[in-house]
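Numbering of ligands and ligand atoms starts at 1, following listing order. As the structure is a computational prediction, the values presented were derived from the model and not from experiment. Counting begins at 1 with the first residue of the sequence.
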Amino acid sequence: MLDRPHPTPDAPTLDQQALATALSGKHFIGGRFVPARSGKSFAVVNPATGLEVAHAAEGDASDVEAAVQDAEVAQKAWAKVPARKRGATVARCAALLRDHAEELARLIALETGKALRTESRVEAQTVADIFEFYGGLGGELKGETVPFAPDVLSVTVREPLGVVSAIIPWNVPMLLMALKVAPALVAGNTVVVKSAEEAPLAVLRICELMNRVLPPGCFNMLSGFGPECGGPLVAHPLVRKVTFTGSVEVGRIVSKAAAEKLVPVTLELGGKSPMIVFADCDFEKTVTGAITSMRFTRQGQSCTAASRIYVERPIFQRFVDALAAKVDAMRMGDPLDEATDIGTIISPDQFKKVEGFIKEGLATPGATGRACSAMPSDPAMEKGLFIRPHIFSDLPSDSRLVQEEIFGPVTCVFPFDDAEKALAAANGTEYGLAASLWTNNLRLGLDLAHRLEAGLVQINQNLVVQANLSYGGVKSSGLGKEASLESMLEHFTHKKTIMVNYG
Ligand code: NAI
Ligand code: MG
């Protein structure tokens with residue numbers, strides 16, 4: 001039963017629990033579902049109920065070995081498929097994922113506690129967008145002609161790197177995986193993904209669906225813990241590229257392991273993204289923008305969350321009151337309920353971590369923390385990992401809440417009088433992922449946009465990752481860009497020079 005190629009339904013299924021059960025206990029290697037070689041598995045828990053919904057194969061070095069060997073064999077053949085045809089295959093995957101978007105949204109809501117209407121559906125559609133976007137880029141894997149000498153034709157060609165390992169987190173696992181897998185495949189690489197232990201199901205279903213179109217071995221999926229499964233994957237000698245999204249701490253470990261083998265690495269490591277609000281902004285749009293920017297609907301579990309908001313003093317109090325009122329009106333509850341705006345925190349560990357920050361903020365002399373939005377009253381949710389969104393003011397700038405990534409529904413607000421001081425404060429953390437500015441003075445906005453230390457700056461909007469926009473941080477937020485044509489060319493190919501002397 002376990003090693004049948006596709007024991008799950010072909011057609012989309014809206015029964016997320018049945019699908020979770022069908023996906024239990026398996027890796028996907030070489031086009032087939034297989035259990036962990038050790039026979040071990042671990043629980044996948046719905047954070048809204050505390051109930052186990054599935055179990056996941058617990059991968060180790062022996063599973064890594066099998067997956068990388070299959071990916072290596074598949075890569076040789078996949079690289080020979082013409083680039084536009086590889087793209088067309090990836091575009092067919094996009095269509096399949098679009099057809100299954102509602103199914104994937106329900107499954108991701110079940111395993112992560114992310115609200116279906118506000119978060120999970122958006123993620124599922126964006127995943128299809130990303131595959132669709134890269135599917136059209138096969139023909140862009142072009143080289144150059146280099147003027148070298150008469151009677152010498154010198155050209156460059158883009159070649160794939162080989163087997164790519166991708167290690168992904170749990171907050172937007174389908175999307176963050178798509179940003180790696182889609183360009184890697186179109187460029188002629190094959191991929192082994194290590195899913196996040198908290199959210200292995202929806203990405204496994206995506207892998208299985210795509211394997212209905214891709215040649216076996218091109219896209220493989222392992223579940224398991226970081227050091228035991230991610231570690232051997234990064235270190236495997238046949239893995240020629242490492243791409244990682246997660247914490248700074250693990251990013252450093254992964255980067256060191258890649259450096260040991262001298263293979264390239266892409267890192268997306270979170271942030272402490274500032275939002276700067278000027279008194280001349282469009283007030284209502286900016287308050288709504290703060291809700292989006294802070295990713296409150298995702299419980300703030302986003303690397304681009306606007307966790308520091310600097311507001312020009314004349315509108316400071318009005319802005320904070322309006323923001324608190326809007327967050328208050330948001331509904332926390334069952335992630336699968338259409339009426340729910342805000343779901344849960346992912347895991348007990350993250351819950352404790354976020355609670356620790358909130359307690360510390362509340363205990364800080366002079367600081368105030370406003371708790372917004374009511375806890376759910378549904379008895380089925382009483383074990384749910386819900387945390388009320390908090391808005392802190394009057395925190396000192398060296399507070400841990402201001403400097404460190406909380407990855408929870410906590411934002412810190414500050415008044416400012418001087419744009420230069422706001423800019424210095426905005427740049428005053430170790431991170432540099434994203435930032436937003438809200439003003440009708442575009443001369444000022446553009447000037448500050450150029451001087452903000454961030455990979456992505458938006459003025460009067462704060463969208464999440466989109467296909468075709470280069471995305472990635474500076475400072476401790478990471479290395480390299482994702483989501484764009486350049487990211488495929490720079491991070492998933494190398495340039496070979498070929499010279500022909502015909503004189
Ligand atoms: P993490 O960095 O520990 O986990 C991310 C991925 O790395 C998971 O798949 C994990 O299994 C894997 N991993 C862990 N140790 C590894 C190792 N030694 N070798 C190879 N792979 C390894 O992140 P975690 O513990 O889930 O969250 C901790 C904090 O990290 C969060 O509170 C947040 O601040 C940040 N984070 C940032 C994310 C982002 O989008 N940039 C996403 C998730 C977490
Ligand atoms: Mg960790």
Using a 4.0 Å cutoff against the non-hydrogen atoms of [X], which atoms of ligand 1 qualify?
X	result
S195	9 (O)
F244	2 (O), 6 (C), 7 (O)
I167	6 (C), 7 (O), 9 (O), 12 (C), 20 (C), 21 (N)
E268	41 (N)
E197	8 (C), 9 (O), 10 (C), 11 (O)
K194	8 (C), 9 (O), 10 (C), 11 (O)
G231	19 (N), 20 (C)
P169	42 (C), 43 (C)

Distance, nearest 0.5 Å, that separates [atom1] of [X] from [atom2] of [Y]:
X	Y	atom1	atom2	result
R295	I342	CZ	CD1	14.0 Å
L185	M488	CG	CE	11.5 Å
E430	E405	CD	CD	9.5 Å
M332	C372	CE	SG	9.5 Å
L262	R240	CG	CZ	8.5 Å
K475	N427	NZ	CG	5.5 Å

Name the closest protein heavy atom to [atom], giving the residue it belongs to and the distance to 0.1 Å.
atom	value
atom 2 (O) of ligand 1	S247 OG, 2.6 Å
atom 27 (O) of ligand 1	Q350 OE1, 3.6 Å
atom 13 (N) of ligand 1	G226 CA, 3.4 Å
atom 44 (C) of ligand 1	F407 CE2, 3.8 Å
atom 35 (C) of ligand 1	E405 OE1, 3.4 Å
atom 9 (O) of ligand 1	I168 O, 2.8 Å
atom 31 (C) of ligand 1	K353 NZ, 3.5 Å
atom 41 (N) of ligand 1	G270 N, 3.1 Å

Do you know which two heavy atoms are closest between T243 and K180, and how far apart they sit?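 Heavy atoms of T243 and K180 come nearest at OG1-NZ, 3.2 Å.
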Do you know which two heavy atoms are closest between E72 and T190, and how far apart they sit?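 So the minimum-distance heavy-atom pair works out to N-OG1, 4.5 Å.
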Does [X] approach ligand 1 within less than 4.0 angstrom via side chain, backbone, both or neither, non-hydrogen atoms only?
X	result
V234	neither
L269	backbone
S302	neither

If you measure every N/O of I253 against every N/O of ligand 1, is any gap under 3.5 Å?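 N/O-N/O distance under 3.5 Å: no.
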Knowing that exactly one of V181, L97, V193 qualifies, which makes a side-chain contact (heavy atoms from CB on, under 4.5 Å) with I206?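 The option that passes is L97.
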State which residues pass ring pair (Phe, Tyr, Trp, His ring centres under 6.0 Å) with Y310; sequence neighbours excluded, sorted by chain then number.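 Here the qualifying residues are F414.
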Given I406, V193, V250, I345, which one has a non-hydrogen atom that is nearest to atom 15 (N) of ligand 1?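 Minimum heavy-atom distance to atom 15 (N) of ligand 1 goes to V250.
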Whether K114 side chain and N171 backbone form a donor-acceptor pair below 3.5 Å: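 Judged by distance alone, yes, a pair lies under 3.5 Å.
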Sequence neighbours excluded - ring-ring contact (aromatic ring centres under 6.0 Å, His included) pairs with any residue from residues 37-72: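 Every pair satisfying ring-ring contact (aromatic ring centres under 6.0 Å, His included) with a residue in residues 37-72: F42-F225.
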Are F407 and W170 close enough, and set up right, to give a ring-ring contact (aromatic ring centres under 6.0 Å, His included), and what steps lead you there? CA-CA 12 Å; F407 233 61; W170 43 263; 5.4 Å; yes
